[in-house]
Structure formats: structure tokens, C-alpha cells
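I have placed the structure first, in the form of C-alpha cells, so that the comments after it can refer back to it.
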Amino acid sequence: MLRNAGSAAHVKIRIFSCLSTMTVRTRFAPSPTGYLHIGGARTALFAWAYARHHGGQFILRIEDTDIERSTPEAVQAILDGMRWLRLTPDEGPFFQTQRMMRYKEVIQQMLAAGTAYRCYMSKEELDALRAEQEARHEKPRYDGRWRPEPGKTLPTPPAGVQPVVRFRNPTDGVVAWDDLVKGRIEISNAELDDFIIARADGTPTYNFCVVVDDWDMRISHVIRGDDHVNNTPRQINLLRALGAPLPRYGHLSMILGPDGTKLSKRHGAVSVMQYDEDGYLPEAVLNYLARLGWSHGDDEIFSMEQFVQWFDLDHITSSAAQFNTEKLNWLNAHYIKHCDDARLGQEIRRRLAREGVTGTAFPDPAAIAALYKDRVQNLNELADAAHPFYVAPHPPAELATQHLTEAARAALRDLRCRLASADFSPETLAKALKETLAATGLKMPQVAIPLRVVLLGQTQSPSIDRVLAVMGREEVLKRLDRVMG
RNA sequence: GUCCCUAUCGUCUAGAGGCCUAGGACAACACCCUUUCACGGUGUGAACCGGGGUUCGAAUCCCCGUGGGGACGCCA
């Protein structure tokens, strides 16, 4: 799978296999400096779907070369997020920190081949150079002072300075590629400078590791956020210098926050696990994300199987999309409605347990889910609805005075008698209710609402007979007696 | 500042020169259903950023503005 040696022979095999089998291999390559947020999740989803659609492989690669900022917690958070979304990689996770020998080897080769060179410029000198360039309204870039040229005399390396290694970027011509989502993009080499591929301490940098990894891992399609568009020409030049085949590139436009501004840690860019926390079903989040920047005619609701079958890069919008919670809520409500009762029951238990409510075996949470699934937008609302079934509420004072009038109490007493001997089947419950209406001359709401107040501490609920059935005789009578005295 | 990307209802989007009097969905509003609240059903309002071209014909192609975004690290 991964090779540590890059001999010419195996380069040849690599090219051959790409051309002959056309295997699609995509990757998701997050850096573990934080959790998996919604933008990263969509990138992963699209890369995953593209590979699946073409019967190829989806690879997860953790780009942890920034030792300062990478944490094991973040690695775990990314893995958790992907597992929750069921975006299972076919290969990996691979860690760049475990491939250091390979990067160093390639750097040595480039140094030997003259496609890279040592640069002894200090950070201070660099900063000064940039400041000058900015003062002249120029794009800040390295001036190539340590770049070897035929007939050029290089400065003498200062003593005691550890050099960085820079890539010898072509100086003229343009780098162009047909972006899978944005179309043809051309960038002049004059815009690019000789970027650093190895730091003074010898560790390789991002643009270099990406190139070596994409090459070694035989990535055929690089699908990533469009904040990487500017890196692409550098990576293409590097790949060419290495004699490596070029993958195809597709750059996804970004996801903006609900207010149209960039997602930031402060708003919108929450962990995907937060959506679990907030009561969203992963299939709702996935469906929502799939439609954010991609479309298939008028189709809005579809399974992941369907998505994989339909997915292509031709129907991706090239402009940024704004996150819209209302639509996510709508999808979530839809998926809850169509979700299996037993699974919803488990979700109710899990969420109730989180609030310290245990002993939720009776009534069956799945039965409560069946009662409420088509009236909630998220699983937390479902758990909230289930709560009073397990913890008898005290009817709020104002609801009691407003609804538990003498007439209502009389009706409830009448109903209690009939219920005491009922078997709590839907038929007998409906019959008892009707008899009470007839006996008291009240209308259904005049009995149902006081009953809701007594049983659930609320004026709203599903059909009261269904509530009675789920709550069960024993508990219903207990609650009636407690309030009616 | 320089370079790159981008622009259809409030939002996500359909749209590949005539199928567009611009379609769908969310949200909003109205009505219907109703045992309360929801669900659901039906319906209404709502958009091609501006200006120039090309063409018999432009939402669609080209140019220039303008708005938005990204990049310009010994971060990824």
C-alpha cells in the first residue's frame, strides 16, 4: 500500500496502473488542530461519495506535521465525527508524522537533483523583505537570493545557521489545470515564489507532504476546499519536478455561516458532534450537506445510497453557500418521522439519562416515540415530550386555575370511574371519553385539556386517548387521584 | 496592495442561447383538516447585481464595473 522507496521502476508501475484501471482514489486530509466541523464534513462527504460512486477508495489522512498545534484529542474528535456520519474510510487513517523518513528521503533526492536548494535567509531578513514589498504594493514573496543559477555567485552561508530547503519553482510560463468544479484555472509562475519544503529543523511543510502523500497513496482526485486553490499550482510544479503523475483537482467553495459571513469558531463552525448533542439524526445532517452546493434536479430528500448513485462533480455550485438551520430542521423532522420507533426509543433513553432520568423502561420509550415522532423537529424535543411520562409533573398553578374548573373536575371524576375498570385498549378509551362527554354535556376539548394538564402538566399533547393508552391505567389513575384528591 | 475564485426569490438551488410569463425546496403568509398543539394538504407573495457588447434571440457567451469570498506563513 504505502511504499517507502520511490524508485523509477515503481513510478512506472504507478503511472501504468492509473492509466489502465482508472481507479478513483480520493482522500480527506484534515489537520488535527480542532474538531470536524460542518465544512470539513461536507468535503469529506463529497470525496467519499465520489470514490463510492466510481467504485474506488476513500482514504483518510491526518495532516499532523504541525506538531505545535496538533493534538490527539483533535484526532479523536475527527474520527468520532466521521464515524457518527458513517463516512468510513477504505484506507487509513494515515499519519504524516509517521512518514517523516519518506519525506526526508524525497527532500534529499530533490537537493541532489537540484530541484530544491538550501536557503540561509533568516526570519528577520524575510520579514524585512516582505515589509518592503508590501510598502511597494507588491505581493510579498521570497526573492530567490539563495537560489542557484548558472553563472550566479551565491552568498557564503553564515556560520551556525540551519538552512531551510526551498523548492526551485519555475520562473516563467503558467500553471493551468481544469478544475473539476471551477473549470480552467491558470496562474502565472511569476506569481509563485520558491516556497519552503523543509523547515530549519528539517521537518517538511504542508505543500510538500501533501504532494508526496498524494503521489504515494495514488490519489487520483483531490477534492478539497477552495482555500487550497492557491496551493494547487505549487503542488503541480512540485509533482512535475518529481516526475509524478498529476491527480485531477476539484475545489469546493466554502460554507458560510447563517449570517453570510465566514464560519468561525465563534459562530457556525461547531463540531459535527454538536449536532448529535442538539438532537439531529446523522442522516438529516448528511442529506442537508449533500444539497449544500450540489444538486440533482429538484430532488431534496434522498438516502445516502441514492446520493452515491447520483453524485457527480458536474452539478456542484462554484459559489459559496450559506448555512440554513431551518432547512436542516425540516430534514431532521422528516427523518425522525420516518425513523424506526425502537431507535427513537433508544435516543429518548440516552437523552433522558443525560438529564438524570433513569428507569425509563415503562412506558416503553418506543411507544412514546410513536406518539410524538411526527410533531418534533429534533430528538431533544422528543426526549422533552417523553419526560413527563416518567416524571409526574406538578400542573403549573396558572394552568390549574384556568383549566381545572369545577365543571372540569366533575368531568374528570366521572372519567376516572369509567377508566378504573377499562382495559385501556383504544376502543374502551374512546368509549369512556365519549360517555363522559355525554354525561357532562361538555365538548371534547373541555375534557381533554384539563386531562392533559393533570397528566402531563401541559395543555398540548397528541390525541388524549393515545396518551392514556401509552401511560397505562395505573399511572393515569395515580395522577388523577393525586390532583383531584 | 497583488493574485485567484464567485454572483438566479430572505436561504439552498434548477437552468448547458429559443423549452423561462425563470422551476423546485426551506422559511413567510393565507386557507383546509382537527380533540388542543403539531403533522399533513392546498394556495399566495418572493429572484436572473449594474453597464456594455456578441446574436434574429441572452439568466445562459464575452468585456468592464460593483458586491462577496479565498490566498499571499519555517500553518494546514
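Quick caveat, the model's predicted, so the values are computed rather than measured. Below, chain A is the first sequence line, B the second, and so on; all start at residue 1.
- To the nearest whole angstrom, the two C1' atoms, one in B:C9 and one in B:A71, are 32 Å apart.
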- Task: Give the C-alpha distance, both sets of side-chain angles, the deciding distance and a yes or no for side chain to side chain donor-acceptor pair (under 3.5 Å) between A:Y335 and A:N287.
- Result: CA-CA 10 Å; A:Y335 280 100; A:N287 194 156; 2.5 Å; yes
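- With A:H251 as reference, A:D179 is the one residue of A:D179, A:N231, A:D226 to meet the side chain to side chain donor-acceptor pair (under 3.5 Å) rule.
- Separating the OH atom of A:Y280 from the P atom of B:C26 is a distance of 16 Å, rounded to the nearest angstrom.
- For the pair A:H228 NE2 and B:C72 P, the computed distance is 10 Å after rounding to whole Å.
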Heteroatom pairs (N/O) under 3.5 angstrom, protein to nucleotides 21-23 of chain B:
| residue | atom | partner | partner atom | Å |
| --- | --- | --- | --- | --- |
| B:G23 | N2 | A:D298 | OD1 | 3.1 |

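- Partner assigned to B:C19 is none, using Watson-Crick or G-U wobble distances below 3.5 angstrom.
- Under 3.5 Å, the side chain of A:E300 and the base of B:G24 form at least one donor-acceptor pair of N or O atoms.
- The distance from atom CG of A:N329 to atom P of B:C12 is 16 Å, rounded to the nearest whole Å.
- Computed from coordinates, the A:L455 CG to B:U36 C1' distance equals 14 Å when rounded to whole Å.
- Residue side chain A:K123 does not reach the base of B:C74 through any donor-acceptor N/O pair under 3.5 Å, judged by distance alone.
- Aromatic rings of A:H296 and A:W310 (six-membered ring for Trp) have centroids within the 6.0 Å cut-off, being under it.
- With A:Y142 as the aromatic partner, A:R166 meets the cation-pi criteria of under 6.0 angstrom to the ring centre and within 45 degrees of the ring axis.
- Figure legend: A:R102 and A:W215 shown as a cation-pi pair, the cationic atom lying under 6.0 angstrom from the six-membered ring centre and within 45 degrees of its axis.
- At distances below 3.5 Å, at least one donor-acceptor pair connects side-chain atoms of A:N332 with backbone N or O atoms of A:Q377.
- Atom P of B:A25 sits at a distance of 10 Å from the matching atom of B:G41, rounded to the whole Å.
- We find that CH2 of A:W330 is positioned 14 Å from P of B:U13, with the value rounded to whole Å.
- Of the two residues near RNA chain B, A:N324 and A:R136, the one whose nearest nucleotide lies more 5' is A:R136.
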